[in-house]
Protein chains: 2
Amino acid sequence: MSNLPEDLPECMVFLLGKAYQKAHGDFNKRLRPYGLTNMQHLVLEGLWYQPGMTATELSKLLILDKATLSGVLDRMTETGWIVKRPDPEDRRIQRIYPSEQANHLKPELISERQESNREILEHFSAEERILFKRLLRDMI
Amino acid sequence: MSNLPEDLPECMVFLLGKAYQKAHGDFNKRLRPYGLTNMQHLVLEGLWYQPGMTATELSKLLILDKATLSGVLDRMTETGWIVKRPDPEDRRIQRIYPSEQANHLKPELISERQESNREILEHFSAEERILFKRLLRDMI
DNA sequence: AAAAAATTGTTTGTATACAAAGGATTTAAA
DNA sequence: TTTAAATCCTTTGTATACAAACAATTTTTT
């Protein structure tokens, strides 16, 4: 750490990228036993928040490109984490739900994310944590 | 902004991901006229810092997987941004240099990054900027 | 020096990311 | 109402990301 040459540690794109890389990588490792990825976990959280969302709604909620989401949903359907059901009123739409298996693991999976968050923030004080989140939110 | 459901704005993995996504996307748009990506720009900055680095050295400097870097360097060689030369002492190694064309654009490209950084930070106070960078650095 | 270990870089396979274009369907306009 | 516009989602193409396995080449051990 902190052995980077002069300028890199001043570059926000670099710093944000590497901070994300670390958080993302740690969370992915934690999720590996479940056969889930960070992004797939995020989709489940979205669907637990509001089951039956369409891909477009999910895409907006998660601030994720629809083309990317399309692939993620495909894989999650194949691996049985979600279920797609056609909307009776609009044939363009498919409504998406967490599977039984996903709901069964919900408490466990949510606590994994909380644990991951705790790990990321454990080196910071209470004030720093609040400030850090605010700074990030203000960027989005 | 700030219309996300309850929990997402508390999740550091999510916040870091979206903050990075934004910074990364903005910088990529700015680089598009040059035919460069964020990552390729980063490689050039590394090589300007120390020309002749090996892929392994670059990989450590940029905290980037060697397999990923391999592909990036391939594309940059094809598009003429970098040049690879064999090391006379160790036939496993290739030393990497910025091309003439890259050096020619160096001042311009560096100021693009600076401008991008300015944009990212423009909504924050001087203290917030320093703190933000420190928090990110402490995470890496 | 011959065998074992380490290093360098590539390749393969899977999973994001996003731009751009396209097919199917619904809604709005003329 | 039938043409145009908008919406939903997928597909294609390019570029990261990273794990795992690999070939070529040193370096270390024995």
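A, B, ... follow the sequence lines: proteins, then strands. Residue 1 opens every chain.
Put simply, A/Thr68 has no side-chain N or O that comes within less than 4.0 Å of OP1 or OP2 on C/dA17. Put simply, B/Lys66 has no side-chain N or O that comes within less than 4.0 Å of OP1 or OP2 on D/dA20. Residue A/Gln21 places at least one side-chain N or O closer than 4.0 Å to OP1 or OP2 of D/dC18. An OP1 or OP2 oxygen of D/dT10 is reached within less than 4.0 angstrom by no side-chain nitrogen or oxygen of A/Gln94. Distances shorter than 4.0 Å separate some side-chain N or O of A/Tyr20 from OP1 or OP2 on C/dA17. Within the 4.0 Å cut-off from OP1 or OP2 of C/dT11, not a single side-chain nitrogen or oxygen of B/Ser70 is found. For the OP1/OP2 pair of D/dT7 and a distance below 4.0 Å, the side-chain nitrogens and oxygens of A/Thr56 include no atom meeting the criterion.
A donor-acceptor distance shorter than 3.5 angstrom exists from the side chain of A/Glu128 to the backbone of A/Ser125, with no hydrogens or angles considered. Distance alone, capped at 3.5 Å, is enough to place a donor-acceptor pair between the B/Lys18 side chain and the A/Ile63 backbone. Side-chain N or O atoms of A/Arg129 include one that pairs as donor or acceptor with a backbone N or O of A/Phe124 at under 3.5 Å.
Atom CG of A/Asn28 is separated from atom P of C/dA15 by 11 Å (rounded to the nearest Å). Between A/Lys84 atom NZ and D/dC9 atom P the separation is 9 Å, expressed in whole Å. When rounded to the nearest whole Å, the span between CG of B/Leu64 and P of C/dG9 equals 14 Å. Summarising the geometry, the separation between CD on B/Glu57 and C1' on C/dT8 is reported as 11 Å, rounded to the nearest angstrom. The distance from atom NE2 of A/His41 to atom P of C/dA15 is 17 Å, rounded to the nearest whole Å. Between the CD1 atom of B/Ile82 and the P atom of C/dG9 there is a distance of 12 Å, given to the nearest Å. D/dT16 atom P lies 17 Å from atom CD1 of B/Ile63, rounded to whole Å. A/Glu89 has its CD atom 18 Å from the C1' atom of C/dA24, to the nearest Å.
When heavy atoms are screened at a 4.0 angstrom cut-off, B/Asp65 is found touching base atoms of the nucleic acid.
Remark: A/Thr37, A/Met39 in residues 30-39 of chain A come within less than 4.0 Å of DNA chain C through at least one heavy atom.
Under a cut-off of 6.0 angstrom, the local environment of CD in B/Glu78 is sparse, with at most 12 non-hydrogen atoms contributed by other residues, nucleotides or ligands. Within a 6.0 Å sphere centred on CD of A/Glu100, heavy atoms belonging to other residues, nucleotides or ligands number 12 at most. Few gaps surround NZ on B/Lys84; more than 12 heavy atoms of other groups in view lie less than 6.0 Å from it.
Along DNA chain C, the nucleotide nearest A/Arg91 and the nucleotide nearest B/Lys18 are compared for position; the residue whose nucleotide lies closer to the 5' end is B/Lys18. Mapping B/His24 and A/Leu73 onto DNA chain D via the closest heavy atom, the residue that lands nearer the 5' end is A/Leu73. DNA chain D is contacted by both B/Gly71 and A/Lys29; B/Gly71 maps to the nucleotide lying nearer its 5′ end (nearest heavy atom per residue). Nearest-nucleotide assignment on DNA chain C puts the 5′-proximal partner with B/Ala67, out of A/Ala67 and B/Ala67.
A/Gln40 approaches A/Met76 most closely through the heavy-atom pair O-CE, 3.3 Å. In this structure, B/Gly80 and B/Ser99 approach most closely via the heavy-atom pair O-OG, 2.7 Å. For A/Asn103 against A/Pro98, the heavy-atom pair with the smallest separation is OD1-CB, 3.6 Å.
Listed by first and then second residue, the ring-ring contact (aromatic ring centres under 6.0 Å, His included) pairs involving residues 20-42 of chain A are A/Tyr20-A/His24, A/Tyr20-B/Tyr20, A/Phe27-A/His41 (not counting sequence neighbours).
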Practice task
Heavy atoms under 4.0 Å is the rule here; annotate nucleotides 1-7 of chain C 5' to 3' with B where the base is hit, S where only the sugar-phosphate is, and - elsewhere.
Solution key: ------B
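If you take CG on B/Asp138 and NE2 on A/His123, they are separated by 9.5 Å, rounding to the nearest 0.5 Å.
For A/Ile93, counting side-chain heavy atoms from C-beta on, the closest listed nucleotide (D/dC8, D/dT25, D/dT16) is D/dC8. When distances run from any side-chain atom of A/Asp74 to the nucleotides D/dT16, D/dT11, D/dC8, the shortest one goes to D/dT11.
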